[in-house]
Amino acid sequence: MKVVSVKNVSKFYGQKQVLDNVSFDIEEKEIFGLLGSNGAGKSTITSIILGLEKQSSGNVVLFEGQKKNLKKRIALVPQSTAFYKDFSVEKNLRFFASVCGLKSKQIKPRVKFLMSWLSLEPFKDVKAGHLSGGYQRLLNIACSLVHDPELIFFDEPTVGLDPKMRQMFWLKIQDLKAAGKTIIITTHYMDEAEKLCTKLALMKNGKMLVIGKPRELISQYGGIKVMIFNITGGVKKEDIQKIRTVLNQFTVISRDELLFIPFEQEHTFEKVIAVTEWLMKKGYNISSSITKEPNLEDVFLNITGEGMKQQE
Ligand SMILES: Nc1ncnc2c1ncn2[C@@H]1O[C@H](COP(=O)(O)OP(=O)(O)OP(=O)(O)O)[C@@H](O)[C@H]1O
Ligand SMILES: [Mg+2]
């Protein structure tokens with residue numbers, strides 16, 4: 001099922017166009033990553049899908065047009081805290097559960113489940129405002145998901161979390177996918193998007209640039225791989241020249257004891273293996289070798305001409 005279908009959506013604020021003919025579909029159980037630097041239009045399109053903003057033109061269809069109980073089927077997990085700091089963890093959850101219309105006999109098991117799933121049980125009587133930053137974010141998730149929605153939006157869910165907590169968030173998001181949920185996530189972290197998302201959309205200045213699976217985008221737009229050899233004593237100039245000629249690759253370079261051999265992704269390792277054997281035959285000692293694979297950061301750079309990290 002197409003859980004979200006966005007067709008030719010544009011948005012103007014006054015004269016300023018912030019979305020330009022954006023289209024994409026999100027299938028059930030997808031973890032859909034919306035990427036793009038500040039001002040790309042990620043929050044605007046998210047707000048339009050959620051019905052918080054109205055598009056200037058185009059269409060958004062949710063759940064293939066089934067309109068029944070729409071609000072109960074959707075959740076936004078905001079970046080800022082959405083709970084009451086003076087309420088305990090459990091009281092917050094009970095409060096949100098009743099606001100979301102859960103029947104009293106449903107509330108207890110749901111709250112229990114959420115506290116256990118998000119490791120909040122030991123803190124159930126602690127005031128939310130006294131939790132550490134990471135646990136406040138977990139409580140945020142719990143409060144947003146009390147009604148067990150099918151489509152969940154996460155806005156920059158891991159900003160400011162330490163690596164351990166980030167990993168925990170990833171696992172929780174994967175749990176949600178395993179439970180059949182559809183997830184839309186905006187993030188500036190490329191490693192996160194690459195590991196977590198089943199599909200990625202890259203936006204810039206209100207336009208959708210590319211959409212695809214992380215692996216597909218990397219092989220299509222990631223550019224070259226680089227093989228890096230560490231060779232004791234370095235490689236002689238004339239031998240570097242020979243490697244360049246044999247590989248028909250004139251960007252082979254040597255720096256101190258390192259030899260860099262770039263090659264197109266579709267090329268097999270065969271040539272590089274041949275070079276390795278040739279170097280060994282010539283008496284060189286290769287102490288180590290690694291391959292630097294292109295990643296999503298490279299995709300972003302190649303498509304937009306700008307880095308993501310500097311945008312944070
Ligand atoms: N209410 C508004 N009035 C006028 N312009 C707006 C309004 N809301 C957003 N914009 C503009 O729309 C553009 C897209 O903003 P949006 O918040 O969607 O970007 P974003 O991709 O979410 O960025 P970030 O990564 O910083 O969250 C920006 O140029 C922003 O200034
Ligand atoms: Mg935003």
Side-chain angles (χ1 to χ4, degrees), residues 3-26 30-62 74-82 133 136-137 140-141 143-144 149 151-161 166 169-170 173 182-197 199-212 214 217 221 295-312:
V3 176
V4 178
S5 178
V6 174
K7 276 217 166 50
N8 307 113
V9 167
S10 292
K11 173 77 181 170
F12 287 85
Y13 284 113
Q15 297 286 309
K16 188 178 169 193
Q17 183 163 19
V18 297
L19 289 178
D20 184 0
N21 208 26
V22 170
S23 299
F24 59 90
D25 292 327
I26 303 176
E30 199 101 71
I31 303 182
F32 189 88
L34 260 179
L35 306 178
S37 42
N38 300 127
K42 306 180 297 292
S43 293
T44 307
I45 190 64
T46 304
S47 304
I48 290 172
I49 298 170
L50 283 162
L52 304 171
E53 288 273 354
K54 186 94 190 89
Q55 64 270 33
S56 307
S57 60
N59 274 314
V60 175
V61 179
L62 298 180
I74 304 176
L76 167 67
V77 182
Q79 214 187 86
S80 52
T81 48
Q136 291 201 13
R137 301 278 280 278
N140 227 17
I141 297 183
C143 291
S144 309
L151 171 61
I152 306 163
F153 291 75
F154 283 95
D155 189 15
E156 305 262 350
T158 56
V159 167
L161 293 178
R166 275 181 78 193
F169 264 62
W170 295 353
I173 290 171
T182 306
I183 292 152
I184 303 185
I185 182 166
T186 61
T187 179
H188 281 202
Y189 295 122
M190 292 287 135
D191 56 339
E192 182 167 286
E194 194 176 326
K195 281 201 198 100
L196 205 58
C197 296
K199 217 188 220 181
L200 292 171
L202 183 51
M203 294 183 73
K204 186 182 180 181
N205 295 338
K207 289 194 173 69
M208 188 57 83
L209 298 182
V210 284
I211 299 179
L217 293 181
Y221 302 103
N295 56 26
L296 263 189
E297 195 79 40
D298 298 313
V299 172
F300 195 88
L301 203 66
N302 291 339
I303 292 179
T304 66
E306 60 188 62
M308 274 293 270
K309 279 186 181 143
Q310 71 202 38
Q311 314 288 322
E312 281 177 25

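Computed from a prediction, not measured in an experiment: that's the story for all the values here. By convention here, the first residue in the shown sequence is residue 1. All values below come from the heavy atoms of this structure, side chains included, with hydrogens, waters and symmetry mates left out. Numbering of ligands and ligand atoms starts at 1, following listing order.
Of the N or O atoms in G36, none lie within a sub-3.5 Å distance of an N or O in ligand 1. On a distance-only criterion, E156 and ligand 1 share no N/O pair closer than 3.5 Å. Between G41 and ligand 1, a contact under 3.5 Å exists for at least one N or O pair.
Atom 23 (O) of ligand 1 has its closest protein heavy atom at G39 N, 2.8 Å. Of the protein's non-hydrogen atoms, V18 CG1, 3.5 Å is the one closest to atom 13 (C) of ligand 1. Of the protein's heavy atoms, N38 ND2, 3.0 Å lies nearest to atom 26 (O) of ligand 1. Summary of contacts: the protein heavy atom closest to atom 25 (O) of ligand 1 is K42 NZ, 2.7 Å. The protein atom (non-hydrogen) at minimum distance from atom 30 (C) of ligand 1 is K16 NZ, 3.9 Å. Given atom 1 (N) of ligand 1, the protein heavy atom at minimum distance is Y13 CE2, 3.5 Å.
Put simply, the side chain of Q55 does not reach to within 4.5 Å of the side chain of V6, judged on heavy atoms. Residues I184 and I26 meet the side-chain proximity criterion, which asks for heavy atoms closer than 4.5 Å. When side chains are defined from C-beta on, F153 counts as touching I49, because their heavy atoms get closer than 4.5 Å. L200 has its side chain within reach of L296: a pair of non-hydrogen atoms, C-beta onward, lies under 4.5 Å apart.
Ring centroids of F154 and F169 are separated by 6.0 Å or more, keeping the two rings apart.
The distance from ligand 1 to the heavy atoms of A40 drops below 4.0 Å at these ligand atoms: 19 (O), 20 (P), 21 (O). Close approach of ligand 1 to S43 (heavy-atom distance below 4.0 Å) involves ligand atoms 17 (O), 18 (O), 20 (P), 22 (O), 27 (O).
For M203, no heavy-atom contact with ligand 1 is shorter than 4.0 Å. Counting heavy atoms closer than 4.0 Å to ligand 1, residue T44 contributes atoms from both its backbone and its side chain.
A side-chain donor-acceptor contact under 3.5 Å links S5 and D25. Side-chain contact, D155 with T186: a donor N or O sits under 3.5 Å from an acceptor N or O. T187 and E192 form a side-chain donor-acceptor contact under 3.5 Å, judged by distance and modelled atom types alone.
Of the possible polar contacts, none joining the N59 side chain to the K7 backbone as a donor-acceptor pair under 3.5 Å is found.
Residue-ligand proximity: H188 is placed with a non-hydrogen atom under 4.0 Å from ligand 1.
For a distance bound of 2.8 Å, the N, O or S atoms of S43 include one lying that close to the Mg ion (ligand 2).
Within a 6.0 Å radius of NZ in K207, other residues, nucleotides and ligands contribute 12 heavy atoms or fewer.
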